[in-house]
Amino acid sequence: MKPRVRFAPSPTGYLHIGGARTALWNWLYARRLGGTFVLRIEDTDQKRSTPESVQAILDGLRWLGIDWDEGPGLPNNGGPFPPYFQMEKIKRYHEIAEQLISEGKAYRDYTTAEETAQMRKDFAASKGIPEERIREAGFKYTSPWRDKTEKLDKPYLVRFKLKATGAKIGFEDLVHGRLEKPDEDLDDFVLLRADGIPLYNFGCVVDDHDMQITHVGRGQEHINSTYSQVALYQALGWTQPVFAHFPLIMGQNGEKLSKRKHPEADVGVHRKNGILPHALLNFVVRLGWSHGNDEYFTREQMIEFFDLKDVGKTNGIWNPKKLTATNEHWIKTFPPAQIGAALLPYLAEIGVSDAKVDAKLETAVKAFAPRAKTLVEMAASIKPYYAKGVTVDAAAATKHLDDAGKKMLALAKTKLLALPEWTATAIDPIVDVIATETGAKKGMIAQPIRVAATGGTTSPGIGDTLAMLGKDETIRRFDAVLGG
Ligand code: GLU
């Protein structure tokens, strides 16, 4: 059977690294087995859900190339499917809630928040303990409405009517093995709030069932919810999916990577910092999963090697050095045209809007790939090659553009203008040619050229440098130094 998996983010902030990993692992599993990957936006927390967050999640997934296979409607203009939103399905949750009520598996609870608060207070007082400790002291909310069926004209919650028998409730987890606990530890959790909006456990189970999800892969912080969800599956007589609860991702300081304390938890930050989407994927795929000692995976290899059952229990550790190394690796490894395409937005960001993926940009990528850690760095290095003219560094000019230097520059200009074509291969030998003809040291020829062309003393090889600038711009910069 082909798996159907999902990613079900709550749109209450940016796309979190942990979320991106959950999405990736599920997506890889679907791709490997020819299954289906569904995106479901769990937007029932109306106070915290925002359209900006939905957008950040969609943008982040698209940037990473994690595509989803279906939606409530058709894709717009060759774009992605619209995602599912839980708030668009409210009627369906009500239908199931009514069914559970009519079967005596759920009930309307008219207890007010004040009444519940009073019960907690009374319990604490009777035990002589602070209210925060009532749970551990055995407090369990028991609604006076649990066994009643009348319908009043008052606001109510719909609660699940947990039938505790003293038996164990649990599930086989692909990562953790058998997980179970006494069913008495569960409570009559809320299915629908007074405003009719479902809470997470209920919406999640109805949707996972309706969407025929076969494997639920999510963070291990949801293990506790899963027990309640299993109780719901049983009450509804629905087949439960296979569960896989993923280990945490820890920050460098040993704390869970949290939105509040770790800016690096935001996928968007890495995009801004010039990390290639594939580098980020390659980095996060290994936070809790491995394939031998392999460090680098192409997309195809990730799809080929990844399996939910190989996810480990050990928490992943965020390692910024490794992320940078992974980025450098892929900057060097991908074809220059691909890196060039990825660079365009970073170039545009710093004002280079006329760059396109062409021989010039590919030459620039090749020249700077060996030393660039990020696309931001690379864009900054490349920018001067797209400018008209250059400001020559005064110290470099004094040192290399004295009379002797200018003489070499003039000679170079003559040779360059005579070249049949303007390519790095054609340009490179001129330094040697001039050296042979004049007996000057190569540095005495190359440095004046470099300073005139780039304004400074460091740049890639002369051939690459001038090829990137193009003929017209090179000659223009030479003339600016030579005085026309
Ligand atoms: N909306 C939940 C979250 O973002 C989804 C959990 C799940 O995958 O079931 O944490």
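Start at 1 with the first residue, then count along the sequence. Both counts, for ligands and for their atoms, begin at 1 and track the order of listing.
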Subject >> R286 with D294: basic N within carboxylate O range, under 4.0 Å >> reply: no

Original post:
Would you call R40 and E42 a salt bridge, taking side-chain N to carboxylate O under 4.0 Å as the test?
Top reply: yes

**OP:** Kindly indicate, with the supporting measurements, whether the criterion side-chain hydrogen bond (donor to acceptor under 3.5 Å, both in side chains) is fulfilled by Y200 and S10.
**Re:** CA-CA 10 Å; Y200 162 64; S10 303; over 6 Å; no

Original post:
Quick one: nearest non-hydrogen protein atom to atom 5 (C) of ligand 1, plus distance?
Top reply: A8 O, 3.0 Å

Original post:
Looking at ligand 1, does R6 have a heavy atom less than 4.0 Å from it?
Top reply: yes

Original post:
What residue and heavy atom of the protein are closest to atom 9 (O) of ligand 1, and at what distance?
Top reply: Y200 OH, 2.6 Å

Subject >> Any side-chain donor near an acceptor of the partner, D310 and W289, under 3.5 Å >> reply: no

Original post:
So which protein heavy atom does atom 1 (N) of ligand 1 come closest to, and at what separation?
Top reply: E42 OE1, 2.6 Å

Original post:
Are D188 and K161 close enough for a salt bridge, meaning some N to O gap below 4.0 Å?
Top reply: no

Subject >> Nearest-neighbour protein heavy atom for atom 10 (O) of ligand 1, which is reported as residue plus atom name and distance >> reply: H222 NE2, 3.0 Å

**OP:** Could you tell me which atoms of ligand 1, counted from 1 in the order shown, lie closer than 4.0 angstrom to a heavy atom of C204?
**Re:** 9 (O)

